[in-house]
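Have a look at the structure below, then the notes.
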Amino acid sequence: MGEKLVVNGVFVLGVSLMLLGSLSLGLGAKTRHFKWDVEYIHWSPDCSSNSSEGIVMAINGQFPGPTIVARAGDTINVELTNKLFTEGVVIHWHGIRQIGTPWADGTASISQCAINPGETFVYRFILDKAGTYFYHGHYGMQRSAGLYGSLIVNVAEGEKEPFRYDGEFNLLLSDWWHQSVHEQEVGLSSKPLRWIGEPQSILINGRGQYSCSLAAQYSNSSVEQCKFSGTEQCAPQVLRVLPTKTYRIRLASTTALASLNFAIGGHKIVVVEADGNYVQPFAVPDIDIYSGESYSVLLIADQNPKENYWVSLSVRGRLPKTPQALTVLNYITNHASKVPSTPPPVAPLWNNYTHSKAFSNKIFALIGSQKPPILARRRISLLNTQNKINDYTKWAINNISLVLPSTPYLGSIKYGLTHNSLDYKQPPETFPIDYDIMVPAKNPNATHGSGVYTFRQNHVIDIVLQNSNALKANESEIHPWHLHGHDFWVLGYGEGRFDERNVKDLNLKNPPLRNTAVIYPYGWTVLRFVADNPGVWAFHCHIEPHLHMGMGVIFAIDVHKVGNVPRQALACGLTANMFFENKP
């Protein structure tokens, strides 16, 4: 079936099939039904001493929301009821391509209307391939409020993973502010900008520590040692392992802002999956993970079984003002409360992008994976800039800051209502050749827009994501970009401004398939995808404040071919009037 190799003591089976887990979607497939109520509840994710309880968005009283575990080929049927008092809500199924069901993508004003208070909406879609995914709110900044959960898709019945392991852990990573999400939104929309600042804590499966530290004895600060009974909402979940066994750790980052570095003291890890796609296994001491990304890594419990070890998450790409998140890898020959005998791992310096790029450049598609088409039909260059519109601070793409319309794009395009509901003019496909990405723009002013890039089905598209200087001199930020409805090949990264000389360096041999890719400061990233999924799809920076401030674009692909859209998905704006007028 394939070649065998051992990476860092972990047995891995090479695969010569194109995409394991997507080959037998009908074999043993099931329909899995869920009834979810979305509501606000009192919760204390990091046990802050400043406020005994916070407010989080929860599903069926759970934070994070319930974990869905299913198989490739299964149908998911979620009956979602909005029990918020004054807000709409939607759920985006991050990384699920929604083939044939673009209305179930869960993007307010793009694929559907927001679900109003008291309303129920049914999401029904097929899980087309195995992998590590998650779901989250995609209306306003509800992801920052805690509306998220894990979605684990195992291989289809009768299929096998291309690697072996004895047990599995699922770690959903997020960040947390003590300031409410509504305060955050108002601050981002104020003049002048009131920036939310860095998160107060990093959460692992919704649990973090703010007023104390698990590793206080190794700290130079006056922070107290955490003392938990285990019943606290912020008490860490310990990872318990048996000596010599191999474990799969699924990592998914739904952070609103933070880029993270993940490490396990004394252990190396082997990366085997990225964004639901298998990669050539490689061993590293730590990995960087950006908002919207997911990975599977293999850990072999081969260290001294008389000790416990730190599992750590540290902030990357921003000056760290948020404490390191910690839990414990517990060899079960020890008590779970035994403090590791060595300090937590020390992360690379926050702005050591050489380390970050070295990790990104190690990720290649597993042997036998689908290769990208040799040529693209069209190239779109997207310049990421920070701008001003009427003295409000915004983010823009090719000088246009995205605003979403009252009528969802899916409905307005499908039913020919674009002249009344959208900017009919297509956005620019490139930016001025003399634009200097290394300095603040001479004219920082931008405009609002809701235009759409339109593609024909099966056309091959190249996207050049170009980073630049922000409004402040010598400042350029990391931006992880996520594409809905498709995976893309990451053909390469580079520094400075992309030009034709860089084309020869792009990887067409074994680039990884992803759904999220990072652009480094003052750099570029080139993506290639096949526009093979009719619908309307968001493509945007996955940092929540950046999207809120306009950092995204919309792709429309042969929308007239989309059928069976539930009326309830479009029961707002101009499409609501149309349905009402045509109602028998």
Side-chain angles (χ1 to χ4, degrees), residues 38 40 43 45-46 48 54-59 63-65 87 89-92 94-95 106-108 133-150 171-189 193-208 210 251-262 288-294 313-323 325 350 384 386 393-395 402 477-482 484 516 518 538 540-552:
V38 177
Y40 281 108
W43 204 264
D46 63 6
S48 167
I55 301 292
V56 301
M57 295 190 78
I59 297 173
F63 169 78
E87 298 174 60
V89 71
V90 294
I91 296 286
H92 169 56
H94 187 105
T107 47
Y133 307 102
F134 60 100
Y135 61 84
H136 59 80
H138 215 293
Y139 180 63
M141 288 177 57
Q142 291 178 342
R143 178 158 54 95
S144 293
L147 185 55
Y148 44 74
S150 294
L171 303 184
L172 184 63
L173 316 177
S174 55
D175 39 16
W176 186 249
W177 284 262
H178 297 162
Q179 185 183 25
S180 78
V181 69
H182 300 110
E183 291 179 87
Q184 295 179 37
E185 289 175 330
V186 171
L188 293 171
S189 303
L193 172 75
R194 295 188 180 186
W195 175 240
I196 60 178
E198 305 304 308
Q200 275 66 64
S201 55
I202 303 298
L203 308 182
I204 304 174
N205 290 342
R207 297 163 178 259
Y210 175 73
L251 300 166
S253 177
T254 186
T255 55
L257 176 65
S259 303
L260 301 171
N261 179 267
F262 172 82
D288 283 352
I289 181 169
Y290 302 97
S291 178
E293 291 187 326
S294 66
L313 287 160
S314 304
V315 171
R316 301 281 286 123
R318 306 180 70 86
L319 184 63
K321 298 179 181 178
T322 307
W350 68 273
N384 297 245
Q386 193 177 42
T393 302
K394 297 292 181 181
W395 289 95
L402 180 66
E477 298 188 22
I478 281 176
H479 299 294
W481 273 71
H482 171 59
H484 294 228
T516 304
V518 63
H540 61 89
C541 179
H542 208 258
I543 291 175
E544 190 88 313
H546 292 183
L547 175 59
H548 185 75
M549 298 163 70
M551 197 173 196

Does any N or O in the side chain of [X] come within less than 3.5 Å of the main-chain N or O of [Y], such that one atom is a donor and the other an acceptor?
| X | Y | answer |
| --- | --- | --- |
| S201 | G208 | no |
| W177 | S144 | no |
| Q184 | Q179 | yes |
| T322 | E198 | no |

Could you state the interatomic distance from [atom1] ([X]) to [atom2] ([Y]), rounded to the nearest 0.5 Å?
| X | Y | atom1 | atom2 | value |
| --- | --- | --- | --- | --- |
| H542 | R143 | NE2 | CZ | 4.0 Å |
| E544 | T255 | CD | OG1 | 10.0 Å |
| S294 | L171 | OG | CG | 12.5 Å |
| K394 | L193 | NZ | CG | 9.5 Å |
| L260 | E293 | CG | CD | 10.5 Å |
| M549 | T393 | CE | OG1 | 5.5 Å |

With sequence neighbours excluded, residues passing side chain to side chain contact (heavy atoms under 4.5 Å, CB included) with [X]:
| X | result |
| --- | --- |
| S180 | H182, E183 |
| R316 | S259, N261, D288, P348, N352, H355, S356 |
| L402 | L404, Y409, I554 |

task: Classify the angle between the aromatic ring planes of Y210 and H178 as parallel (below 30°), tilted (30 to 60°) or perpendicular (above 60°).
output: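 Because their plane-to-plane angle is over 60°, the rings of Y210 and H178 count as perpendicular.
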Can you name the closest pair of heavy atoms from [X] and [Y] and give their distance?
| X | Y | answer |
| --- | --- | --- |
| F63 | G206 | CE2-O, 3.5 Å |
| I478 | G317 | CD1-CA, 4.0 Å |
| P545 | A256 | CD-O, 3.4 Å |
| H548 | S189 | NE2-OG, 3.4 Å |
| P320 | V315 | CG-O, 4.1 Å |

field: Crowding at OH, Y139 (>12 non-hydrogen neighbours, <6.0 Å)
entry: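 Open.
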- request: Among T254, N205, I289, L203, find the residue that satisfies the side-chain contact (heavy atoms from CB on, under 4.5 Å) test when tested with L173.
  value: I289
Aromatic ring proximity H546/H540, centre distance under 6.0 Å: no
field: M141 vs L188, side-chain contact (heavy atoms from CB on, under 4.5 Å): CA-CA, chis, key distance, verdict
entry: CA-CA 11 Å; M141 288 177 57; L188 293 171; 3.6 Å; yes
Are any non-hydrogen side-chain atoms of [X] and [Y] less than 4.5 angstrom apart?
| X | Y | value |
| --- | --- | --- |
| L257 | R318 | yes |
| H484 | H482 | yes |
| I543 | P480 | yes |

Residues two or more places apart in sequence or in another chain: which of them pass ring-ring contact (aromatic ring centres under 6.0 Å, His included) with [X]?
| X | result |
| --- | --- |
| F134 | H94, H136 |
| Y135 | W36, W93 |
| W481 | F539 |

message: The test is side-chain contact (heavy atoms from CB on, under 4.5 Å); show your working for L147 and I91 and say whether it passes.
response: CA-CA 8 Å; L147 185 55; I91 296 286; 3.9 Å; yes
message: Could you tell me if E87 and Q142 have a donor-acceptor pair between their side chains, going purely by distance under 3.5 Å?
response: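 There is such a pair between these side chains.
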message: The test is side-chain contact (heavy atoms from CB on, under 4.5 Å); show your working for W350 and L319 and say whether it passes.
response: CA-CA 6 Å; W350 68 273; L319 184 63; 3.4 Å; yes
- request: Check the pair S174 / Y148 against side-chain contact (heavy atoms from CB on, under 4.5 Å), numbers first and verdict last.
  value: CA-CA 9 Å; S174 55; Y148 44 74; 2.9 Å; yes
